[in-house]
Visitor: 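I am attaching a structure below and will ask some questions about it afterwards.
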Amino acid sequence: MTTIPDTRPPAQVATQRSEYPAPKYRRILGADRSQLLFWATIVVLALLVLAPVVPTLYQSVMDRPLYEEGGLFTLENYTRLFTEAGFGSVALNTILFAVMTTVMTLLIAVPMAIVVIRTSIPGRKFFGAAMQWPFFISSLILGFGWITMYGPAGFVSVQVKRVLGFLPWDLYTLPGMALTEAVALAPIAYLFCANALRNSDASLEGAAQTVGAGPFRILWSVIIPMLRPPIVYSSVLVFSMSIETLSIPLLYGQPVDITVFATFLYKNGLQSIDPDYGILGAASAIILLVTVLLVAVQAKLLKDAKRFVSVRGKATRPRLLDLGWIKWLAVAFITIYVVIGALVPILGLVMRSFTKIFTPLQNPLASLTMANYQRIFEFPAYAGSIRNSLIVAGVGAILVSVLAVVAVVVSKRSTFRHRKVIEYLALAPQAMPGLIIGIGLFWAFAFMPFNMGALLQGTIWAIIIGFGLRALPSAFGSISPAVMQIGEELDNAARVNGADWLKMFLRILVKLLTPAFVAAMVLTFVVMMKEYSPAIFLGSADTAVIGTTMLELWVQGNTGSVAALATIQIVITAVFVGVAGLLMKGKKDA
Amino acid sequence: MPDVAVKNLRKDFGGVTVLHEVSFTIKDGEFFTLLGPSGCGKSTTLSCLAGLEQPTSGSIAVGETVLVDDSSNKFVPPEERNLGMVFQSYALWPHMTLAENLAMPLNIRKVSKAEQKTLIHDALDKVGLAHLAHRYPHQLSGGQQQRVALARALVYSPKVLLLDEPLSNLDAKLREQARVWLKRLQSELGITTVYVTHDQEEALAMSDRIAVMSNGHMLQVAPPHEIYERPSTAEVAAFIGRSNFIDGTVVSTRGGAATVRLEESAETINVAVSEQAAAGDLVTVAFRPEKVFLTNRGAELPADAIVLNADIITTSYVGSRYEYDLKYGSKTILVDSTTGGLTGAVRLVVPAEAVRLYPRANVVSKDVAELMAVTH
C-alpha cells in the first residue's frame, strides 16, 4: 500500500490557479454536431430497412408491375395467391417443414448441451469446439454435401444399396429436408442451451447433492427445468429460420416438387418467363408478416428469459456429473452427429471436387483430377464470382461494422430521443428473408426517383447493400455486449472534462471498441461470404457471387465444379478466420 | 470562486419523482456533502449539477453563469460547464497513460503543449504520483487510481469539484487516511466541493455542511455538529448515528416543556420542546445510546433526568464499550456503557438535554422491527 503524500503549501498552489474555460461547441439551428450524427444514423438505417419493405407491400396491392404506368389498388393478388397459385399447400408444407426441423433440432441440441457442458464425458472441449462448424459452412454447401453422400445417387447411398439391396431412406422428402436443416441449425440451439447451463448457479446443484440427489435426479429435477427458457427461445428462433431458408428446400424440394415459402418466391420470381409481380408481392408480404411476428416473439422471450437468469459476478465452477456407462452412449451420439452430419458430407464434397467420378463402384483415387477447378478458373464468369464474393464480403464487412458500431453506440450510449428506434431498425433485417430483401431492393431500385436506381441495379453495390442488410443484425448483436461492458462513467468523465458526445465517441469509445469492431468485421465477412439469396434477384451476369454460381453449376449438372467452388469458399473462410484470429491474438499479447 | 445556487430542482424518471423540488446554496469554497441511503436522490442531484442528467424542472447557477433554467429552457451540456468530477469507479480511460488522461481536458481546451506539461506535472505532483505519469491506469493500485482521478478533475482548474463516492472503493484503513488527505487538499485549494456519500462518518468528518437526503427530499442542511446533536427530523436522527425511538402522546404542555406519556409503559416524562406542541399530539421520543446511562436502583440522579425502568436482555462487548439491549415494554432500547457485567432490572437514566421530541414517525424499517420482535 502506498502512503498518502503531503500536499503542497497553499500559497504555492494558489499562484498556479488560472482559468481554463470550457470549450464552446458550434450549433446549427440549435442542434450540435452529435445530434446531426444521430439523425444521420437513423435516416440511413430507415432508408436501408424500408427500401425493400415498402415497395414489396406496395406491389402486393397493385394490379400491375410497379414499373408500369397507371397501377390501381387491388386486393386481388391475395385472393389469387391462394386460389390459382396454390399458396395454401405451400404454407402447409412450410409449417410441416419448420415444425419437423424445430423438433429434430431440439432432439439433437438439448441432450448434447447437457452432456457436453455438465457431464464428465471424454473430449468435452473438442465437442464444444466442433459445434462451431456451421459458422464456416453455409447450409447451401451442407446441402450439396448431403446430396453428394446420402442423395439418391450419393456415395453412401450407393454403397448401402449394394449391401442391403435397397435404400432405407429418401432425402428428397419433407423429413429428409428437415433432418438436414436440423443438423445445420442444431449448433444455434446448442449455443443457447450451453450458455444457460454455463451461467446457471452451480450451488443449486450442490444444494441438490447435499439433500442426497444422485446425478440423474439432479439432471431431471434441477438442470432440465432450468433449460426451459433457452429451449423455448431457440425453438422460436429455429422455427423462424427454417421458415425463411432457401438452400435445402431448393436443392431437395425442386426435383420432387415440394414447395415451401422460399422456393415459391424463387420459382415465381425467377424461373417463370413472365413473373407475376402481384402474386410475388402478396406472397412476400405474407411471409414478411409471419417472420416479423416470429422475431417479435423472440425479442419478447429473450427479454423475459433474461429476467430469470441470475448472472452473478462471482464465477462458480460447476461440478461435472458422472453418468457412468451411459456417458459412452452420449459420446457415440455426439460423434454420430458430428461425423455423419457434418464431417462426412463436407469431406465427401472436398473429395468430389478432386475426382471425375465419385462413387463407391470405382476407387475415387483412380480418377483424381483438377479439371473441376480448371473449369472454374477458365471461365471468367466463374472466376469472377470468387472475386465478387471477396469484394462483397471485404467491403461489406467494413461498411456494415462501421454502421453497426455507430448504431450500437448511439442506441446504447446517447440521450438521442429516438435511440430505441435505431436499435429496432438495426435488428429489423432479422425478420427479412434474403429472397425478400433481394426482390424488395430490386423493386426499390426500379422505383427510385430520377432513375437513380439504375446506378445501383445490377452492380456489385446492389449486392453489398443486400448482403449488408442481412448481416447488420449479427454485427449489431456482436458489438452490443462489448459496449455494455464499458462503464458508462468513462463516457461521463469525458463529457465533464469537456468533450462533446462526438469527441467522446471518437477519443474514448472508438479506441476501447477496436477489438469488438475487428471481431464484428470477421463475423460480418464470414456471414457475407456465405450469403447468396438476395443476389438471386439483385445479381447480374457480372456480379454473380460464389453461392449463385454454385446454384447455376448445380442446375447444369456440373456437380464437380460445385464441389470445387464449395471447397474454395470453405478454404477462404477458414484462412480468413485463422489469420484474423492470429492477428488479434498477436495484438493482445503486445 | 462562485456560489452554487440550486432552486426547485426536480427530476422525474418515467412518472416517478426521484427528486422533489430541492433547493440549496453552496458557498464559495465550501465542502458540501449530500448524504443519504442509496436511492435517496443524492447521485441524481450530483448528475444534474454535472449536466449528465437533465432535470425535469428547476434551475442551477454557478455564480453568474446559469447552467440550467427551465423557465428560459436553458440547458448547458456537461462539456461546457467547466466542472471537475471524480467518479465512483474513477473512470480513468484505460487506453491512455496517466499523463494522457490528464492531457485530454487540456487538449480540448487548446492549452499549449509546454503549458500542458507543467500543468500535468503539477497536478500529478499534488497527488504524489508525478513519477508514474507514463503508467497505465491498470498498473496502479486502487488508492493511486483514485488520486489520479482527482488530479484529472483538478488539472484544468474547474470552478467546482464534484465527488461521487470517491472513497467507497478503497479498503477501510486507506479510506480513513484518504479522508483526511482529501479534506486537507480541498481546504488548501479552497475549491467549492460537492461530495456525495452514503457513509455518515465520512460526511461528518469532512464536510463544512451536510445535506441529509431521503426519498428525493432534503431533510436537513446544517453543519455536521448540528446534524448529529440536533437532527431536525426523526429520519435524520435514525440515519445519522444510532438512536432509540419510543412512541408517546403529549399529555400537557407548560412553557418550554411537555409532559409525554410513553405508549410502552404508560410512564410519563417531561421533555423540553423547541417547537409548538399541544396536548394530544402523537410524538416520538428519541435519544442516542451513548448519551444515556444505567444505574442500579437507589443511586443518585442528575436533576430533571428521565428515569425509565427496563430489563437487560443481551450484552455485547464491541471493544471500546459494552452495548446493552434493554427490554422496555415491547421495544428494544440500545444503551452504550463502559461498565460491563450488568444484568436484570436496571434504571435507564436519560439526561433531559439528550432527549428530542418529533412528530410521530415510523423510522424503523419493517425488517428490523420484525427481527426485534423475534428476539423477545
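Atoms considered below: every heavy atom in the structure, side chains included; atoms not considered: hydrogens, waters and symmetry mates. Each chain gets a letter, A, B and so on, in the order its sequence line appears, and its residues count up from 1.
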Visitor: Just checking B/Gln139: does its CD atom have more than 12 heavy atoms from other residues, nucleotides or ligands closer to it than 6.0 angstrom?
Guide: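 Counting neighbours around CD of B/Gln139, more than 12 heavy atoms of other residues, nucleotides or ligands fall under 6.0 Å, so yes.
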
Visitor: Specify the closest pair of heavy atoms between B/Phe87 and A/Glu489, including all atoms of both residues, with the distance to one decimal.
Guide: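 Heavy-atom minimum between the residues: CB-OE1, 3.2 Å.
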
Visitor: Return the minimal non-hydrogen interatomic distance between B/Met104 and A/Ile508, and the atom names on each side.
Guide: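 Looking at all heavy atoms of both residues, the shortest contact is CE-CD1, 3.9 Å.
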
Visitor: Under a 4.5 Å heavy-atom cut-off, does chain A meet the side chain of B/Leu92, its backbone, both or neither?
Guide: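 Contact with chain A involves the backbone of B/Leu92 alone.
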
Visitor: Go through the steps for A/Arg27 and B/Glu80 under the test salt bridge (Lys or Arg N to Asp or Glu O under 4.0 Å), then give the verdict.
Guide: CA-CA 13 Å; A/Arg27 284 179 174 71; B/Glu80 294 179 3; 3.6 Å; yes

Visitor: Tell me the closest heavy-atom pair linking A/Tyr20 and B/Asn82, and the distance in Å.
Guide: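 Closest pair (atom of A/Tyr20, atom of B/Asn82, distance): O-ND2, 3.1 Å.
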
Visitor: For the candidates B/Arg152, B/Lys110, B/Met96, which exhibits the highest count of non-hydrogen atom pairs separated by less than 4.5 Å from chain A?
Guide: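 Going by pairs under 4.5 Å, I would pick B/Arg152.
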
Visitor: Tell me, for B/Gln88 versus chain A, whether the close heavy atoms (under 4.5 Å) come from the side chain, the backbone, both or neither.
Guide: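 Both backbone and side chain of B/Gln88 come within 4.5 Å of chain A.
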
Visitor: Mark yes when over 12 heavy atoms from residues, nucleotides or ligands other than B/His134 sit less than 6.0 Å from its NE2; otherwise mark no.
Guide: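 Not more than 12 within 6.0 Å, no.
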
Visitor: Considering residues, nucleotides and ligands other than A/Lys412, do more than 12 of their heavy atoms fall under 6.0 Å from its NZ?
Guide: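 Yes, enclosed.
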
Visitor: Testing the basics here: between A/Lys511 and B/His95, what is the closest heavy-atom pair and its distance to 0.1 Å?
Guide: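 Minimum heavy-atom contact is CB-CD2, 3.3 Å.
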
Visitor: Can you tell me how far apart CH2 (B/Trp93) and CD1 (A/Ile486) are? Round to the nearest 0.5 Å.
Guide: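 So the CH2 of B/Trp93 and the CD1 of A/Ile486 are separated by 14.0 Å.
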
Visitor: Taking all non-hydrogen atoms of both residues, which atom of A/Pro23 and which atom of B/Ile108 are closest, and how far apart?
Guide: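 The answer is CG-CG2, 3.4 Å.
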
Visitor: Tell me, for A/Leu512 versus chain B, whether the close heavy atoms (under 4.5 Å) come from the side chain, the backbone, both or neither.
Guide: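 For A/Leu512, the contact with chain B is made by the side chain alone.
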
Visitor: Mind listing the closest non-hydrogen atom pair of A/Ala22 and B/Glu79 along with its distance?
Guide: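 It is CB-O, 3.6 Å.
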
Visitor: Taking atom CG of B/Asn107 and atom CG of A/Asn497, what is their separation to the nearest 0.5 Å?
Guide: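 So the gap between those two atoms works out to 11.0 Å.
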
Visitor: Within a radius of less than 6.0 Å around OH of A/Tyr424, do more than 12 heavy atoms belonging to other residues, nucleotides or ligands occur?
Guide: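 Not buried by this count: 12 neighbours or fewer within 6.0 Å.
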
Visitor: Among B/Gly51, B/Gly84, B/Pro94, which residue has the highest count of heavy-atom pairs closer than 4.5 Å to chain A?
Guide: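 Of the options given, most contacts go to B/Pro94.
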
